[in-house]
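Right, one structure below, let's go through it.
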Amino acid sequence: SSGSVIPKFKEQIAKGGPVTVTHPDIIRYFMTIPEAARLVLQAAAIGQSGQVLVLDMGEPVKIVDMARQLIRLAGHSEEEIGIEYSGLRPGEKLYEELLAAIRVERTTRAEEVAAQLARDYASTPYLDQARLAMAKMQLEHSRPELAVKYLEEVVRDTGSAEIADIARLRLARVLAQEEKYDEALKVLTIPKDSAFEPHFREVRGDVYYAMQRFDEARAEYEAALRSDQSAAGDPGFLQAKLAELPGSTPPAAAAGPAA
């Protein structure tokens with residue numbers, strides 16, 4: 001496209017109207033410049049020689065609906081700023097055809113990027129970090145099932161016990177958020193001599209709490225507190241979790257007037 005109707009509509013609204021639309025049923029695809037730039041960069045990252053990648057433009061937008069929305073956002077009504085239909089120009093279509101006689105294999109961008117990262121870093125020490133980053137990105141995009149996939153790959157393939165423990169802790173939290181509590185507890189089997197034992201116990205306590213198995217949650221929190229304090233983090237945080245458990249008595253150190 002050589003331009004967008006949005007600046008034109010804004011200019012017409014600022015002048016008091018009317019807003020001109022060619023046809024009441026005309027639709028177009030819209031994409032912001034940052035969205036387009038990100039998709040082009042992703043295409044450069046995942047593209048192979050000879051491939052043609054097609055941007056996922058989302059759903060088309062009815063132009064008259066956009067005009068009405070811009071009028072409302074400007075603080076006006078359609079009675080104040082009218083909409084006029086000017087008619088289709090020669091050769092103009094009511095809808096845009098993104099593809100013609102092209103077979104498209106639909107694959108999510110996240111999956112393609114992940115596959116490319118795996119190829120790029122397969123023979124480097126950074127594959128684990130790439131997968132952990134992909135898992136985080138999937139969570140940010142509300143795709144927990146893909147986050148689970150990448151974290152499970154780290155646990156399975158990494159040669160580092162420390163990285164495996166980090167991935168298992170993150171994996172257990174994702175599973176618990178999806179209410180897959182039994183699976184989370186299986187992941188949280190505490191490795192022998194792990195420096196992350198207090199963290200495993202804390203997350204186990206969180207899972208038991210979510211399951212309303214409060215006695216087991218209390219036992220895990222207390223075990224985490226008994227562990228090396230430098231590894232357990234802020235003991236006050238664990239004590240606060242203990243105090244929230246039904247039937248718990250606040251620790252003596254916490255007694256006294258509220259601040």
Side-chain angles (χ1 to χ4, degrees), residues 110-111 113-114 117-118 121-122 124-255:
E111 289 174 340
V113 172
L117 282 171
Y121 293 103
T124 75
Y126 306 110
L127 178 58
D128 294 334
Q129 287 84 348
R131 284 173 169 167
L132 290 173
M134 285 303 304
K136 181 179 179 183
M137 187 181 81
Q138 298 308 325
L139 288 176
E140 291 171 349
H141 288 80
S142 301
R143 299 188 189 104
E145 69 285 351
L146 287 177
V148 167
K149 173 181 178 291
Y150 300 133
L151 291 170
E152 286 177 340
E153 288 176 353
V154 175
V155 173
R156 183 191 67 217
D157 298 337
T158 185
S160 166
E162 181 176 311
I163 291 177
D165 286 350
I166 292 171
R168 288 170 64 205
L169 286 165
R170 295 182 184 180
L171 175 58
R173 289 198 180 279
V174 176
L175 291 170
Q177 288 170 4
E178 295 300 298
E179 299 185 358
K180 298 179 179 179
Y181 302 124
D182 290 335
E183 293 181 42
L185 289 173
K186 288 179 182 178
V187 170
L188 289 168
T189 301
I190 301 173
K192 185 178 179 181
D193 300 325
S194 172
F196 291 91
E197 178 183 349
H199 301 283
F200 273 87
R201 292 199 175 277
E202 180 182 352
V203 178
R204 284 169 62 92
D206 293 343
V207 175
Y208 283 131
Y209 187 98
M211 299 172 74
Q212 296 188 348
R213 293 164 58 175
F214 300 123
D215 290 340
E216 289 158 295
R218 181 178 292 104
E220 294 292 349
Y221 291 150
E222 289 175 346
L225 275 171
R226 289 193 299 270
S227 301
D228 179 11
Q229 295 295 334
S230 62
D234 182 7
F237 190 60
L238 282 169
Q239 289 170 350
K241 289 187 176 184
L242 278 167
E244 291 176 0
L245 290 169
S248 296
T249 302

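One is the number of the first residue; the rest follow in order along the sequence.
Evaluation of the side-chain contact (heavy atoms from CB on, under 4.5 Å) rule for E152 yields V148, L171 as partners, not counting sequence neighbours.
Closest non-hydrogen pair, A184 versus A172, comes out as CB-O, 3.6 Å. Of all heavy-atom pairs between P198 and A224, the closest is O-CB, 3.7 Å. In terms of heavy atoms, A217 sits closest to G205 at CB-O, 3.4 Å.
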Without placing hydrogens or testing angles, list every side-chain donor-acceptor pair under 3.5 Å for residues 153-169, not counting sequence neighbours.
from	atom 1	to	atom 2	distance (Å)
E153	OE1	R131	NE	3.2
E153	OE2	K149	NZ	3.0
D157	OD2	R131	NH1	3.0
T158	OG1	D128	OD2	2.6
T158	OG1	S160	N	3.1
S160	OG	E162	N	3.4
S160	OG	I163	N	3.1
D165	OD2	S194	OG	2.7
R168	NE	V187	O	3.0
R168	NH2	V187	O	2.8
R168	NH2	T189	O	2.4

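To the nearest 0.5 Å, atoms CZ (F214) and CD (E244) are separated by 11.0 Å. Here the CZ atom belonging to R170 is positioned 9.5 Å from the CG atom belonging to L139, to the nearest 0.5 angstrom. One distance of note links CD1 of I190 with CZ of R201; it measures 3.5 Å at 0.5 Å rounding.
A 4.5 Å side-chain heavy-atom check between F200 and P191 finds at least one atom pair inside the cut-off.
Sorted pairs that involve residues 175-186 and meet salt bridge (charged side-chain N to carboxylate O under 4.0 Å, His left out), not counting sequence neighbours, are lacking altogether. Among pairs with a residue in residues 203-217, those fulfilling side-chain hydrogen bond (donor to acceptor under 3.5 Å, both in side chains) read R173-D206, R204-E220, D206-Y221, D206-K241, R213-E216, D215-R218, at least two apart in sequence or across chains.
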